[in-house]
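Take a look at the structure below.
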Amino acid sequence: IAATMASQTLNPAQAIGVAARLQPEQLAAVEGAPPLAAVWAHEAIATRVSGLPMHAIALHLSGCTLVEKWRDASLVGHHSSVGSVTLIPAWESSSWCLGGASRVAHLYIDPLRLDQARESTGAAWADVRLRDFFAEHDLTLAALIHGVLAESARCGADGLDPLYQDHVETLAVRHLLQRYAEGDAKGTAPPLTLTAATLRRLFA
């Protein structure tokens with residue numbers, strides 16, 4: 001199977017679904033908002049991902065680990081492992097080859113959250129960006145994703161609490177900048193901060 005997606009009007013789960021031609025097993029979301037996470041069951045596939053509106057952190061849950069990631073005709077990585085995490089960068093084009101059936105979970109991070117975190121720390125982090133990581137053994141991100149899926153299952157049709165989603169996004173952004181930032185970063189890592197929308201909800 002081969003697919004190309006242009007997803008300016010789609011949320012990240014919809015865009016991934018168009019590219020892979022399937023529906024997610026599970027969606028974790030605040031009611032009426034784009035999903036925070038999703039679970040996918042893939043068969044063997046070759047697909048191209050382009051224009052994803054959010055970063056997707058893919059956690060390999062089970063199944064075939066024969067995975068290749070290509071960008072600009074260069075091999076970024078091959079042979080994933082169960083429990084590892086891989087970045088699908090927002091707005092960038094990448095090609096993927098999966099050798100067999102597997103299950104993965106995605107955590108979606110709005111690039112604006114990373115921009116806000118950098119801006120809140122001043123010039124020291126202004127030029128920092130995420131490196132394109134593949135099959136990293138990252139217990140923190142894995143635990144965050146498993147936690148989101150468990151919380152979503154617990155909440156059921158009510159959806160995730162907005163404060164919970166903001167908390168997860170804040171932790172994920174801080175960890176991503178601490179571990180996967182590249183560029184000219186000076187000083188300490190970005191502090192944990194709440195968004196203006198979350199502060200309004202808290203005061204309300």
Side-chain angles (χ1 to χ4, degrees), residues 1-5 7 10-29 35-109 111 129-153 168-169 171-173 175-182:
I1 302 172
T4 300
M5 66 181 185
S7 55
L10 302 178
N11 71 48
Q14 291 169 332
I16 292 289
V18 169
R21 298 182 182 177
L22 78 164
Q23 295 294 317
E25 283 189 356
Q26 179 183 352
L27 281 176
L36 175 62
V39 176
W40 303 89
H42 291 283
E43 297 299 326
I45 186 175
T47 188
R48 179 179 174 84
V49 176
S50 178
L52 192 66
M54 295 187 183
H55 297 300
I57 312 300
L59 171 64
H60 199 135
L61 297 174
S62 62
C64 181
T65 57
L66 297 176
V67 180
E68 291 184 354
K69 176 183 179 181
W70 295 79
R71 190 183 64 198
D72 299 329
S74 297
L75 182 63
V76 176
H78 65 92
H79 200 90
S80 181
S81 59
V82 173
S84 67
V85 294
T86 295
L87 176 66
I88 308 173
W91 305 118
E92 295 184 10
S93 178
S94 56
S95 297
W96 300 78
C97 296
L98 281 64
S102 64
R103 292 179 71 250
V104 297
H106 289 169
L107 179 69
Y108 302 114
I109 301 296
R129 60 193 176 279
L130 292 184
R131 65 176 174 86
D132 194 2
F133 57 89
F134 179 88
E136 291 274 348
H137 292 280
D138 188 324
L139 296 179
T140 299
L141 285 179
L144 275 177
I145 295 171
H146 281 298
V148 170
L149 299 179
E151 180 68 9
S152 176
V168 169
E169 290 175 339
L171 292 176
V173 165
H175 180 73
L176 287 169
L177 290 176
Q178 282 182 320
R179 179 160 174 171
Y180 302 107
E182 62 180 11

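- Across every non-hydrogen atom of A13 and P35, the tightest pair is CB-CG, 3.6 Å.
- Between L141 and L176, the closest side-chain pair of non-hydrogen atoms falls below 4.5 Å.
- For the ring-ring contact (aromatic ring centres under 6.0 Å, His included) test, no residue two or more places apart in sequence or in another chain qualifies with F134.
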Give the C-alpha distance, both sets of side-chain angles, the deciding distance and a yes or no for side-chain contact (heavy atoms from CB on, under 4.5 Å) between H146 and L61. CA-CA 10 Å; H146 281 298; L61 297 174; 3.7 Å; yes
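- Using modelled atom types and a 3.5 Å distance limit, the side chains of Y108 and N11 yield no donor-acceptor pair.
- Between atom OG of residue S84 and atom CD of residue E136 there is a gap of 9.0 Å, rounded to the nearest 0.5 Å.
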Evaluation steps, side-chain contact (heavy atoms from CB on, under 4.5 Å), between L66 and L98: CA-CA 6 Å; L66 297 176; L98 281 64; over 6 Å; no
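- Of the options L27, L149, L59, V104, a side-chain contact (heavy atoms from CB on, under 4.5 Å) to V39 is made by L149 and by none of the others.
- The two residues A38 and P24 make their nearest non-hydrogen contact at CB-CB, 4.3 Å.
- Separating the CD1 atom in I109 from the CG atom in L144 is a distance of 8.5 Å, to the nearest 0.5 Å.
- Of all non-hydrogen atoms in L52 and P89, the two that sit nearest each other are CB-O, 4.4 Å.
- Shown here is H78, whose NE2 atom has no more than 12 heavy atoms of other residues, nucleotides or ligands within 6.0 Å.
- Atom CD of E25 is surrounded by more than 12 heavy atoms from other residues, nucleotides or ligands within 6.0 Å.
- When all heavy atoms of V85 and D138 are compared, the closest pair comes out as CG2-CB, 3.7 Å.
- Atom CD of Q26 sits about 8.5 Å away from atom CZ of R103, to the nearest 0.5 Å.
- Legend: side chain to side chain donor-acceptor pair (under 3.5 Å) pairs involving residues 52-64, not counting sequence neighbours, sorted by first then second residue: H60-S80.
- Annotation for G63 and V82: closest pair O-CG2, 4.3 Å, computed over non-hydrogen atoms.
- Relative ring orientation between F133 and Y180 is described as parallel, the plane-to-plane angle staying below 30° on a 0-90° scale split at 30° and 60°.
- In this structure, H137 and R179 approach most closely via the heavy-atom pair O-NH2, 3.1 Å.
- Remark: S94 pairs with W96 by the side-chain hydrogen bond (donor to acceptor under 3.5 Å, both in side chains) rule, at least two apart or across chains.
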As a quick check of understanding, evaluate side-chain contact (heavy atoms from CB on, under 4.5 Å) for L22 and E43, giving each step before the final call. CA-CA 10 Å; L22 78 164; E43 297 299 326; over 6 Å; no
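- Between E151 and V168, every side-chain heavy-atom pair lies at or beyond the 4.5 Å cut-off.
- Distance NE2/H175 to CG/L177: 10.5 Å, rounded to 0.5 Å.
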